[in-house]
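Reading through the structure tokens given below for one structure.
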Amino acid sequence: MTVYILNLRVFWPLVTCLCTAMLFIHQTLRRGQESGPDGCSEKGTGTISLLKFALAFLLCYFLIKYCSSPQGRGRGRERERPEIPHRQGPTRRELLESYYERQVRLSPHVLGHSKAHVAKLVSELVRAGRAEIPPESTLAFRGDFVQIGSAYEEHKVSSPDCFDILVPLRLPRGLKLDSRCSSMGEGGLGGAPPLCSLETPRKSEWARRHRTFVESFLSEEVRGDAYRLSPVPVLRWFYPTVQRCLGAIRYPFEQRCYISLSLTEDRVLLRLNPRSDYVCCHISMGIRLIPALHLGDGAYLVAQPKTEAAGGKQEALWTVYFPKQEQKLLGWLKGRLPANSCHLKCLQILKAVRELSGQVLDSKGAGQWRAVLSSYTIKTAWLRLLLTSAPESWEERHLVERMEDLLRCLRDALHSRQLSHLFLGGDPGLLPDFLSLPKPLKDAPLSNLMAGFDPSSLDLVSARLVYSWTHLHRLIRLGRPQRDSVGRGVRCKHLESE
């Protein structure tokens, strides 16, 4: 309903004019009635009436002017002020809590059922491709799998629609590969974990006896004295092998859901579309199957895509993953933190804000934004903050303060162009003693996750990060919802081109 406010500066002069006009008319009519038979009136009486009229007008004018002045309105304002309700916007804490509950928080019930269904399918799949004895001159599944990513580390955002699974491979019998690691790899990719190559002497006895495997999976090293295991042929072998194993176990699972397998660039994607509510809320799920080679002590080597040398030749490099170390560290931190800790909520909200801010950028800006602020980079800054702050400071009531600390850590890393890798960053006193690294990585060079990025790009991301936090209420209001109704199928993020 529209509310009109009375303008006193117009109202009271108008009333004064009306009253003056009425008084003037009244005096004129009265003078006409008091006129004598000869039509003449007494001049003295008329003069006195006009003086009374002028005096009344001046008195009303000065009274109205006083009431309209700030001094005269002071008391009236004190009485009127409580009558006007004053609505304040939500506090930063209320805004974060509301956004978390509506768009970020994931149902543990739905996540648990989804993970159980994924684990059952993948376990049957890798068991079908397991080799009882090491193969002679080809690769094979080891028979187990490793669950990695946010869905298994309890900081998944919005919907349990995507899962990452490492599938360890078994090398041919007798083949020995030596790892050689570098901080960024020879491709110079920014924001990536350290890269390694797997080499075997070119003149070894095994290489002479297994020419088929050498020609199919190995590439000649630049120096010419060694062979390297190339990720590209491994991925080329992995996809049809998964397809063959899926054909052997497909029938019992397809009674409950549609199963499809696809190869998109370097991604082997297993897509599940439930036929009924066997999977809670009828969620469409995508499973990324990642071939991996065990390096030792819970570390794995995963194929690094799109890594080329200066001459355009593709590099045979592998990315180092530390799933076991990270899961042990998260469990240890969870035991130290209070029961009502907000550490997972901080990480989830920051990842959701990153997605919100990326929605308003063009394709080039959004790609740069997500490359610099990758999930691995955000998680590294978050873990470093957890390890260097007091456990009691992560209580629920300190949510806003810890969010600001996490943003400050990221901003400092962007300005200094330095964010050391958690396990290969050269900080011996940062991690607990029970975490161990494989022997080949103990002498690996230091890894900086900010290396390889253009300094101007880092400055732009830093400024955008500050803007996103300052205008968070506007981004939340204008941004697209990150999840639809839980009863609908949700598009997997792995199927979207980056």
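Just so you know, these numbers use all the heavy atoms, side chains as well, and skip hydrogens, waters and symmetry mates.
Remark: T380 engages no residue in a side chain to side chain donor-acceptor pair (under 3.5 Å) (not counting sequence neighbours). With sequence neighbours left out, the side chain to side chain donor-acceptor pair (under 3.5 Å) criterion links R173 to E136. By the side chain to side chain donor-acceptor pair (under 3.5 Å) test, S436 pairs with no residue at all, sequence neighbours left out. In this structure R244 satisfies the side chain to side chain contact (heavy atoms under 4.5 Å, CB included) test together with T241, sequence neighbours excluded.
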side-chain contact (heavy atoms from CB on, under 4.5 Å) assessment of S341 paired with E396:
CA-CA 5 Å; S341 173; E396 183 71 25; over 6 Å; no
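The neighbour count for Y251 OH, taken as heavy atoms of other residues, nucleotides or ligands under 6.0 Å away, does not exceed 12. When the shell of 6.0 Å around CG of N340 is examined, it contains more than 12 heavy atoms from other residues, nucleotides or ligands.
Salt bridge D362/K364: absent, no basic N to carboxylate O contact under 4.0 Å. The pair K439-D297 fails the salt-bridge criterion, with no side-chain N (NZ, NE, NH1 or NH2) lying under 4.0 Å from an Asp/Glu carboxylate O. The residues E326 and K379 are annotated as salt-bridged, a charged nitrogen and a carboxylate oxygen being separated by less than 4.0 angstrom. Of the charged side-chain nitrogens involved, none lies within less than 4.0 Å of a carboxylate oxygen, so that D454 and R417 do not count as a salt-bridged pair.
A tilted orientation is assigned to the rings of F423 and H421, their planes being inclined by 30° to 60°. Taking the six-membered ring where tryptophan is involved, the planes of W206 and F213 are perpendicular, since the angle between them exceeds 60° and thus also 30°.
Cation-pi check for K115 over F163 is not met; the charged atom does not lie both under 6.0 angstrom from the ring centroid and within 45 degrees of its normal. Relative to the six-membered ring of W469, R92 meets both conditions, a distance below 6.0 Å and an angle of at most 45° to the axis.
Under the salt bridge (Lys or Arg N to Asp or Glu O under 4.0 Å) criterion, the residue pairs touching residues 399-408 are R402-D405, D405-R408, with sequence neighbours excluded.
Between Y376 and Y321, the ring centre distance reaches or exceeds 6.0 Å.
A side-chain donor from one of Y100 and Q348 sits under 3.5 Å from a side-chain acceptor of the other. Q418 and S420 are linked by a side-chain donor-acceptor pair at a separation below 3.5 angstrom, with hydrogens and angles left out of the test. Checked by atom type, the side-chain pair R271/S284 shows a donor-acceptor distance below 3.5 Å.
The only option from L441, L329, I148 that meets the side chain to side chain contact (heavy atoms under 4.5 Å, CB included) definition with F322 turns out to be L441. The only member of L272, I259, L246 that meets side chain to side chain contact (heavy atoms under 4.5 Å, CB included) when paired with F253 is I259.
Within the 3.5 Å criterion, the main-chain N or O of L229 finds a donor-acceptor partner in the side chain of W318. Here the side chain of Q327 pairs a donor or acceptor atom with the backbone of Q147 at under 3.5 angstrom. Looking at H398, its side chain never comes within 3.5 Å of a backbone N or O of W394 through a donor-acceptor pair. A donor-acceptor distance shorter than 3.5 angstrom exists from the side chain of S204 to the backbone of P201, with no hydrogens or angles considered.
Proximity of L347 to I378: side-chain heavy atoms (C-beta onward) are separated by under 4.5 Å at one or more points.
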What pairs of donor and acceptor atoms, side-chain ones from residues 330-339 against any protein atom, are under 3.5 angstrom apart with sequence neighbours left out?
none

